[in-house]
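By convention in this document, chain letters (A, B, ...) are assigned in the order of the sequence lines, proteins followed by strands, and residues within each chain are numbered from 1.
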Amino acid sequence: MKEYRAEVHVWLKPSVFDPQGNAVEKAVAGLGHTGIRGMRVGKSMEFTVEADSKEAASKMVETVCDRVLCNPVMETYRYVLTARDGE
Amino acid sequence: MKEYRAEVHVWLKPSVFDPQGNAVEKAVAGLGHTGIRGMRVGKSMEFTVEADSKEAASKMVETVCDRVLCNPVMETYRYVLTARDGE
Amino acid sequence: MRTEPTPEAIEENSLYRAMGLTDDEYRRVVERLGRRPNYVETGLFGVLWSEHCSYKSSRAYLKKFPTSGPQVLQGPGENAGVVDIGDGIGIAFKMESHNHPSAVEPYQGAATGVGGILRDVFTMGARPIAFLNSLRFGPLEDGHTRYLFANVVAGIGGYGNCVGIPTVGGEAVFDPAYTHNPLVNAMCVGMLPADAIATGAAKGVGNPVFVVGSRTGRDGIHGATFASTDNPKEKERSAVQVGDPFLGKLLMEACLELISTGAVVGIQDMGAAGLTSSSAEMASRAGGGVELYLDLVPCRESGMSPYEMMLSESQERMLVVMEKGQESLAFDILHKWDLQVEEIGKVTDDGRLRLLFHGDVVADVPVSLLVDEAPVYQRCVVDRYHQPGLDVSLPVPSSNWEAAWLELLAHPTIADKRWIYQQYDTSVRASTLVGPGSDAALVLVPGTQKAVAMATDGNGRYVYLNPRVGGAIAVAEAARNVVCSGARPLALTNCLNFGNPEKPAIMRQFADAVEGMGEASRALDVPVVSGNVSFYNETGGTDIFPTPVVGVVGVLDALNRATPSSFQGDGHEVVLVGVDERGLDGSLYWQLQAGKPAGDAPYFRIEEEVRVQKLVQAAIAAGYVLAAHDVSEGGLAVALAEMAVGRGVGVQAQLIAGSPAGAFFGEAQGRILLEVADGQLETLQALAAAKEVPCQRIGRTGGAMVSMTVGSTDAMNVAVARLASVYNATLPERMNEPIAP
Amino acid sequence: MKWAVIVFPGSNCDEDAANAIVRVTGDSAVLVWHQQTSLEGYDAIVLPGGFSYGDYLRSGAIARFAPIMTAVHEQAQRGVPILGICNGFQVLTEAGLLPGGLLRNADLHFHCKMVELEVLNNRTPFTSAYQLGEIIRVPIAHGEGRYHADEETLTGLKEGDAVAFQYVENPNGSAMGIAGIVNERGNVLGMMPHPERAVAEFMQSEDGARLFQSVHDYVLAKEVSHAH
Ligand SMILES: Nc1ncnc2c1ncn2[C@@H]1O[C@H](COP(=O)(O)OP(=O)(O)O)[C@@H](O)[C@H]1O
Ligand SMILES: [Mg+2]
C-alpha cells in the first residue's frame, strides 16, 4: 500500500450564480482593490489516500468526488494527487 | 496591464478542529471507502487579477488574502498565480 | 450568437416538444396566432402553458374551493392571499412546494424554496413575520434519506435564519411512500396594513417597468417545464440554483420601503419562468400589455439571447411597475440597498407582450393567449377510486400494548422534532409567543393584544386510503390545531402534492381530495386564499401518497387565552371532547402492524368536527382550559404521552371497556383533550351538553406515570421520564448515523 | 441616555435590540446605518445580531470594513461601552476589538434554544446588575459560535478575568465554554447569546434585561461623577 495526498477543488458550474463570490468581489472592490474580477468561491478538500498504485488512488478520489464531495447538478471538481514518498 | 488567474486556498490551521472535515470523512467511510483519512475541508477562491507584472499581481493577492480572505487567528492560506496568456 | 431555428424548422422538426408543448398545444398556438410562432415565442408558450405555470390539469377542480368570506381581503390569484385580523391589520400568507429541486440538491432546493415564498409575501407589501415548513421523507434507516433530510433542514434554516424571520412550525413525516420523492413545502406569513395591499397588475399606460434585484443569468432555463416531468434526468436539468439569502433580505427591505412610498403601481416576484411569467401575468391582471426592451436587462453573462433572458430563473429578482414621474424613487431606494435596478419597458394598452432586442421585435403575442387561454385539461379520471387499504389483511394484534405505545412514540413521524427546529431561528423578531413544539404557533402582533396563529397539516396516508375524507381531514386537522392554541381559524393556504396527473387514478385522488378539502373549508369557514399544485411526484412509475398540505392561519384575540398543549400541573381534570370512536382505520398503528396503510381513512364527520372546534373555542374563551391538544397520529395514547412529556406531568386515564387497541391507538378525528382546573368540570360539561358535543372526563393529572386503562383488564403504565426519553431520542439517534449523498 | 444600534446590510436583530433597550431602560435607541461615519453623541453602541453581508466568506469578515467601523474603533478608544451580540461579536473579533474568532459550531448545526450562562465577571459596565456566579437564561441562535483563540490568548482571558459569560453546558464546542468576553479595558463586550430576546415574560426569560440596565446605570453613574 502506498500513500497519496489528494487535493480536491469543488466549484459551482460556471452557469450557476455564486452569491458568495459576488459578495466577496464587491467587498474587495469596496476596499479599493481594483483590478480583481470574476471572484468565485469554492470548497477544497485535502486528504490522504491509501492505495496500491496511483491509478487506483485516482480512481478512489474520483469515486469519492462523484459520490460525496461534489453534486454534479451544480458543481464540478478537479484534483491533484501526489505520492507521499515519491513514486 | 496583464491578466493573471489567482487560485487561493484557505485552510483552518492544523491546530484548529475541523468538524466539516470530520463529517465528510465519516460520510466517505460510511459509503465503504476505506483508506481515506485525514480529511480537511477548506475554502477556495478563484479570480482574475489585473496588474503590470507577476510581482505586482502577487502583492495584490497577498494583500487581499491578509486583509479579507483569510483570518490569521484561525486560518492559513496558499495561492497559485498563473499568467492568463503566458508570461 | 448561435442562430435560432426558424418557425418553419420548429414545426417541421417538432422542436416545440422539447420546449414543453404538445402537438395539440402547438397547433393551437399557430391557429390562434394566425402564424407560426418564432423561437422566442414558442419558448414563452412552452413555459406559460406548462403544468407548473398554467395549472392546466388542476384548474377545473380548484374552482370548487370556497374563496370568499368577510375575513378575506385578497383571495387566490395574487402572489399571496390576505385575511383581516381586525385593528386594520391584514395577514398575507402562502405555501409553495420545492419538491423536485430539493430531491436533486436538498440544501439549495429547500433554501430557494424558502426564498421564493418569502418574495411572494413581501410582494404583497407585507412584512414577513414567520415561516413554516411541511416535509415528507422516506424512512430514516436509509443513508440517502438522511442526507436529503439533513440538508433540507439545513437549507430551510440557512435561508430563513439569514433573512431574520423566525420559523415557528411545520411538520415532518417519514414514510416509504416518499423515499424517491421527498416533499418540501414552505409557507410564509406576513403582516400589512389592511388597506395597503400591493398587487401584481401592470396598470397605467406609459408607466415604466423595472427589473430589480439580482442580474439575470442563464440559471434554470426551463425549470418550470422540467418540474412537470417524471423523468429524473430531466428533473435534474431544471438546473438547481444557489440561494442568496443576503440579497433576498436586501431585496425584501428595499421592496417594502419602495411599496411604502405609494409610488408602486404593481409588483411581482420572478419565480418560475422568470421574466416571462411575471410580465405576462402582470399585464394579464391589468387587462393590458407590456413592452420590454431586452437590451436593457442587466445580465450576469455576456451574449445572452432574448430567449435566455425571458426564460432565466435567476433568483432574487422582482418586476416593478412604477408611477410615471416617480422613477427616481426606485433608483434612490434600490441604490441605497446596493441593488441593481433598471428601467426595461413600459405598460401598453394593446394587450400584447412585445419584446424588442437590438431594435427588432423578437416576440409579439397576445397576453390573453399566453395567460388566460392556456389550455385547460379535463384529464382522464377513473370513475371510482379503488381504496387500497380495504384489501389489506391485518395480522393478529399482540396485546403487548406498552411495546406498541413506545414504538409509536419512537416513530420519527411522531417523535419529538427538536432536532429539526433547533436548527431554525425560532425567536428572531422577538415576537414568538409560541414557537414549534405546540399544536399551532403564535406570533405577536406589535401594538395590539393579538397574536397570529398558524399550523400546517396533511396526512397523505389518509388521503391515499380515502381521498375525499383524507382531504377533508387535512383541513380539519390544521384548523383544529389552531383552535387548540386558543385562536380562531380564519383561512387557509395549501400545497397539493400529487403523482402523475396523466394517470386516471391519480386524477381521481386529486379530484376527490380537492372535493373533500372544499367541503371541510366551507363547513369550518376557512376559505382558501392561496395555494400551489405540485404534480409528477413519481419515480419509476410509483407515485407518492396524495398529499395535500394545508396551512391554516387564525387570530388569537386575547393574549391571555393562549393555550399550551402540555399538561400544566398536578391535580387537574382531563377531558376528552368528541366521540369515543375506536376504529383503527388508517392508523399508524395498523400501518406498522400490516406493513402498509390499512383500512379506510379514520372516522370523520364534518358536522361533529365543527361542533367540537366551536366548543373548544368557547371553553378557551371562557378561561378555564389549562391545556388543549388534539388526538392525531398515534391516537389517544400518544396524545396523552405528548401532553405529559412537555413539562413532566403524569396522568391517570380510565376509559370504559371495549376495543382496547382502538381506545389506545385509534385515530378517529374530531377529538381534543383538555386539561381543566379542578371544579370546572361541570361548567365544561354543561357547555358541551348545550352544544351537543360528547365530553367525557377520562382522568386526572399528577404523579410520575402515564397510565391508561380500558375497562378492567387492559392497561398501560409507563413513567413519564421513560416516555420522554423514547420520544426525544429518535431523531438525534437516527441522524447521528452517517449520511449517503 | 442615547444608544446607537448599528445596521449593516444583513443585520436582522437591530430592531429587536433597539426595542429591548427602550423597553428595559426607557432610553432612546437610534438605528445607525453602516455608511455613517460618526458616532458622536452616543453613550453606548450595539452591534446587533444577524448575517451582515450574508456572513459569506466568514461571519463578520466583510462588515468590519464598513465605514461606521472607524467610528466604532474611535468610540472604543474613548471608553464608550460597546456591545456586540452574536453577529456583532463576530464583527468585533474580525475587527480586532476583541481577541480570538468564532468558528462553525462543532456539530455543524445551527442551534436556537435557551441556554444557561454563568456570570464569571460582574465588574464590567455590562454585568454589574448580575451576581458573580449567577446562572442566567438567555437564548442562543447561531451556526458559527465556536469561540477559538490560541492557548496564550485563552490564558490571558482567564487571568485577565475577561470571560464575562460561560456556558453551563457548552452547545457549540467553544474554547473554555466561552459565551462572552470583554476587552482589557472592559468597555467592549462580545457575546453569542441574545440578551435582547430575554427581556419579557413571554420570551421565557427576563435575564437579559439586566445587561441593558447595567449599561444604563454605568453611563448615568459616569455622567454623575463627571458632573462632580
Ligand atoms: N419541519 C418542521 N419545522 C418546524 N417545526 C416542526 C417541523 N416538524 C414538526 N414541527 C413542530 O413540532 C411539533 C409537533 O409536530 P406534529 O407532531 O406534526 O404536531 P401535530 O400533530 O399537532 O400536527 C409542532 O409544534 C410542529 O410545529
Ligand atoms: Mg396537534
Side-chain angles (χ1 to χ4, degrees), chain C residues 127-128 150-151 153-168 242-254 335-339 418-437 442-444 446 451 559-560 562 732 735-736 739, chain D residues 7-23 33-35 48-57 59 62-63 66 85-87 104-105 107-115 138-144 171 193-205 208:
Chain C
R127 162 68 61 181
N151 282 285
V153 169
I156 291 170
Y159 203 103
N161 300 347
C162 185
V163 293
I165 294 155
T167 300
V168 297
V242 175
D244 190 348
F246 173 53
L247 215 92
K249 158 89 173 155
L250 301 186
L251 194 58
M252 168 175 81
E253 298 298 345
H335 285 157
K336 170 185 158 195
W337 290 99
D338 205 10
L339 292 167
R418 260 174 291 187
W419 187 89
I420 301 174
Y421 62 71
Q422 285 186 347
Q423 297 186 56
Y424 302 150
D425 193 333
T426 55
S427 54
V428 61
R429 292 185 56 75
S431 306
T432 307
L433 183 60
V434 176
L442 293 169
V443 176
L444 296 173
L559 293 183
N560 60 354
M735 294 312 291
N736 209 15
I739 59 166
Chain D
V7 185
F8 298 104
S11 293
N12 63 31
C13 303
D14 42 343
E15 284 181 18
D16 297 353
N19 291 340
I21 290 163
V22 172
R23 174 185 208 122
W33 190 239
H34 63 111
Q35 295 285 3
F51 289 73
S52 55
Y53 298 90
D55 274 0
Y56 297 147
L57 196 61
S59 39
I62 301 180
I85 302 168
C86 198
N87 194 231
R104 236 172 126 178
N105 294 348
D107 69 357
L108 300 173
H109 290 307
F110 187 97
H111 287 279
C112 177
K113 61 180 179 193
M114 189 65 79
V115 299
V138 184
I140 54 166
H142 61 249
E144 303 190 0
H194 287 270
E196 82 281 13
R197 297 190 200 175
V199 296
E201 203 191 330
F202 82 86
M203 298 176 178
Q204 324 290 333
S205 167

Return a table of donor-acceptor pairs under 3.5 angstrom between the side chains of residues 15-22 of chain D and protein atoms on other chains or two or more places apart.
{"from": "D/Asp16", "atom 1": "OD2", "to": "C/Arg429", "atom 2": "N", "distance (Å)": "2.8"}
{"from": "D/Asn19", "atom 1": "ND2", "to": "D/Glu15", "atom 2": "O", "distance (Å)": "3.3"}

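Atom CG of D/Asn87 and atom CG of D/Asp55 lie 4.5 Å apart (nearest 0.5 Å). Separation of atoms SG (D/Cys86) and CD (D/Glu196) is listed at 8.5 Å; rounding is to 0.5 Å. Going from atom CZ of D/Arg197 over to atom CD1 of D/Ile85 covers 9.5 Å, rounded to the nearest 0.5 Å. For the atom pair CE (D/Met114) and CE (D/Met203), the distance works out to 9.5 Å, reported to the nearest 0.5 Å.
Within the 4.5 Å cutoff, side-chain heavy atoms of D/Cys13 are placed close to those of C/Val428. The closest side-chain heavy-atom distance from D/Cys112 to C/Ser427 is below 4.5 Å.
Within residues 153-162 of chain C, the residues having any heavy atom closer than 4.5 Å to a heavy atom of chain D are C/Asn161, C/Cys162, listed by residue number.
Neither the backbone nor the side chain of C/Ile165 comes within less than 4.5 Å of any heavy atom in chain D. Neither the backbone nor the side chain of D/Gln35 comes within less than 4.5 Å of any heavy atom of chain C. Residue contact with chain D, scored on non-hydrogen atoms closer than 4.5 Å, involves the backbone and the side chain of C/Leu433 alike. For D/Tyr56, the part lying near chain C is the side chain, with the backbone staying farther off; criterion is any non-hydrogen pair under 4.5 Å.
The most heavy-atom pairs under 4.5 Å with chain C, out of D/Ala141, D/Gly50, D/Gly10, come from D/Gly10. Heavy-atom pairs under 4.5 Å with chain D peak, among C/Glu253, C/Lys249, C/Arg418, at C/Lys249. Most heavy-atom pairs under 4.5 Å with chain D: of the set C/Asp425, C/Leu247, C/Val163, this distinction falls to C/Asp425.
For the pair C/Gln423 (side chain) and C/Trp419 (backbone), a donor-acceptor distance under 3.5 Å is present.
Between D/His34 and D/Phe8, the two ring planes are tilted [angle within 30° to 60°].
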